[in-house]
2 protein chains.
Amino acid sequence: MTTIRGARERARAEVTAAIKDEARRRLAKEGAVKLSLRAVARELGMVSSALYRYFPSRDDLLTALIIDAFDAVGEAAESALAEGPSGDGGAADHVARWVAICARVRAWALAHPHEYALIHGSPVPDYTAPMSTTGPAARVALSLISVLRDAHEDGVLIPPAPAANLREEDRRLVDEFAPGLPPGTGVAIVAAWAQLYGLISFELFGQFNRVVEARDGLFAHATTHLAHDVGLST
Amino acid sequence: MTTIRGARERARAEVTAAIKDEARRRLAKEGAVKLSLRAVARELGMVSSALYRYFPSRDDLLTALIIDAFDAVGEAAESALAEGPSGDGGAADHVARWVAICARVRAWALAHPHEYALIHGSPVPDYTAPMSTTGPAARVALSLISVLRDAHEDGVLIPPAPAANLREEDRRLVDEFAPGLPPGTGVAIVAAWAQLYGLISFELFGQFNRVVEARDGLFAHATTHLAHDVGLST
DNA sequence: GGGAAAGCAAGAGCACTGCTCTCTTATTTG
DNA sequence: CAAATAAGAGAGCAGTGCTCTTGCTTTCCC
């Protein structure tokens, strides 16, 4: 998309990438709180003030890492969607794809705990996510919606009944994020989306320690249940 | 429980409380990341090194605040349980109490976002919650279990069918945390517990921004659904 | 091509942090 | 009353984000 013109811009792109790589490495190792600009610069053999030519503040570096993390987990979800069974178009296939997406997201989170915490843990105080993060942030949700759309086209989607006082909200959600899907799916998928991350966060942030043992099984069971809730029945 | 013997011990208790109060105030205002021992000491008119006589490290202060936060949200849940309808013992009453507990927890979280983030956001790196936090941490879950127990005693609990590969885990969970409840409720309540916090976290951490508008309605709808999932039907 | 403009690295410096150490003073205990 | 103990005060260390000034190099434009 962007053609690199001179040697200077090429160098700039390379240094920027190197900074992000090193920052991601330190993030994965020690977490966002301990991510220090000075340490990144030191590791790269540059002085700390030089780093500010590339990222005007620590928050800007974090924002770049947040976008990368959203993209990474989004890509995981999309690849799970692509690789899933597209067999006879039966309801079971769609449930399987839904569960597969959830499982892939969970696996990514367990493999990249600090990056997951960066995007779904406590937001940094005084930090409001800029608009540039909203696109990548939606990719997982869009993958889930995609499963519903396929099921709907195959005629096996049984849309849940929308609560009476949520009909308007549901219509707005469907119009804006999942056009074409039947009423009731809007609020259902938003709720399922949030609850999916509740399951992952509790496991990742240690809330299941000394409580839940069979975590794989529990997660598979719960996400299958969520599939039912959004209208994908076996 | 502890009798304060001399003037010195009385002073120590007072200073410890003052430190915790001031720390809680700053936590509520600026968040855990920006909570600084020096600022707390400054505000209290003492020098920073003196504070280390009361809390050996910043993590120990945070641990104290974590326990307080768990107790606060646990107390909110328990008061919602106590104040809820105990009327005719019908299924609707139990659903109402379940939903009321969830709503009270959510209200507490919205009123104390930084304290909520402290206990349910990203764990501080290299920080493992000590055993002393596990007791207070369980109070919300115990309140939810309490509703199930009452419903069971009233004979209106319809336990969900446990997944085949989770029967053992379910029995273990029931035995350890909810003795007397029928099979199936163990995994169901753990899943519902995690999903409840997914709903709250998504709202609180801004994931619903520019997406969900009718948040009260969505939350009430979703938690009612969770009640059904654990065997409380209307 | 040569001069002006812009981009970049380096270093010093500010205000802040958690934490340690020593020294002095006040309190409790034997 | 004397010894032991606890508390406060201050200096200091290593680290942080960020700013500013000083040179140097690359790019742009006439």
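Every chain is numbered from 1, with letters handed out A, B, ... down the list of sequences.
- Atoms CD (A:Glu30) and P (D:dT16) sit 10 Å apart, rounded to a whole Å.
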Please list, pair by pair, any protein nitrogen or oxygen found under 3.5 Å from a nitrogen or oxygen in nucleotides 22-25 of chain D.
| residue | atom | partner | partner atom | Å |
| --- | --- | --- | --- | --- |
| D:dT25 | O2 | A:Arg8 | NH2 | 3.4 |

Q: Show the numbers, then the answer: is there a side-chain hydrogen bond (donor to acceptor under 3.5 Å, both in side chains) between B:Thr134 and A:Arg210?
A: CA-CA 9 Å; B:Thr134 55; A:Arg210 286 185 282 268; 5.5 Å; no
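- Backbone-only engagement by B:Tyr54 is indicated by non-hydrogen atom pairs under 4.0 Å involving sugar-phosphate atoms exclusively.
- Spacing between atom CD of A:Glu14 and atom P of D:dT26 amounts to 15 Å, rounded to whole angstrom units.
- Residues passing the ring pair (Phe, Tyr, Trp, His ring centres under 6.0 Å) test with A:Phe208 are A:Phe202, sequence neighbours excluded.
- A:Arg10 places its CZ atom 11 Å from the P atom of D:dT27, with the value rounded to the nearest Å.
- For the pair A:Leu51 CG and D:dG17 C1', the interatomic distance rounds to 11 Å; values are reported in whole Å.
- Scanning for side chain to side chain contact (heavy atoms under 4.5 Å, CB included) contacts around B:Ala64 gives B:Lys20, B:Phe55, with sequence neighbours left out.
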Can you pull every protein N or O that's under 3.5 Å from an N or O on nucleotides 17-20 of chain C?
| residue | atom | partner | partner atom | Å |
| --- | --- | --- | --- | --- |
| C:dT17 | OP1 | B:Ser36 | OG | 2.9 |
| C:dT17 | OP2 | B:Arg42 | NH2 | 2.6 |
| C:dG18 | OP1 | B:Leu37 | N | 2.7 |
| C:dG18 | OP2 | B:Leu37 | N | 3.2 |
| C:dG18 | OP2 | B:Arg38 | N | 3.2 |
| C:dG18 | N7 | B:Arg38 | NH1 | 2.4 |
| C:dG18 | O6 | B:Arg38 | NH1 | 2.8 |
| C:dC19 | OP2 | B:Tyr52 | OH | 3.3 |
| C:dC19 | OP2 | B:Arg58 | N | 2.7 |
| C:dC19 | N4 | B:Arg38 | NH1 | 3.3 |

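- Applying the salt bridge (charged side-chain N to carboxylate O under 4.0 Å, His left out) rule to A:Arg25 yields the partners A:Glu22; only residues at least two apart in sequence or on another chain are considered.
- Contacts classified as salt bridge (charged side-chain N to carboxylate O under 4.0 Å, His left out) and involving residues 44-57 of chain A (residues at least two apart or in different chains) are not found.
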**Q.** Evaluation steps, side chain to side chain contact (heavy atoms under 4.5 Å, CB included), between B:Leu35 and B:Arg58
**A.** CA-CA 9 Å; B:Leu35 178 67; B:Arg58 186 176 179 276; 4.1 Å; yes
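- Not a single ring pair (Phe, Tyr, Trp, His ring centres under 6.0 Å) links A:His221 to another residue, sequence neighbours left out.
- Applying the side-chain hydrogen bond (donor to acceptor under 3.5 Å, both in side chains) test to pairs two or more places apart or on separate chains, those with a residue in residues 135-146 of chain A are A:Asp71-A:Arg139, A:Glu78-A:Arg139.
- What separates CG of B:Leu44 from C1' of D:dG8 is a distance of 14 Å, to the nearest Å.
- Atom CE in B:Met46 sits roughly 7 Å away from atom P in D:dA9 (whole-Å rounding).
- Atoms CZ (A:Phe55) and P (D:dT16) sit 18 Å apart, rounded to a whole Å.
- Residues that satisfy the salt bridge (charged side-chain N to carboxylate O under 4.0 Å, His left out) test with B:Arg106, not counting sequence neighbours, are B:Glu203, B:Asp216.
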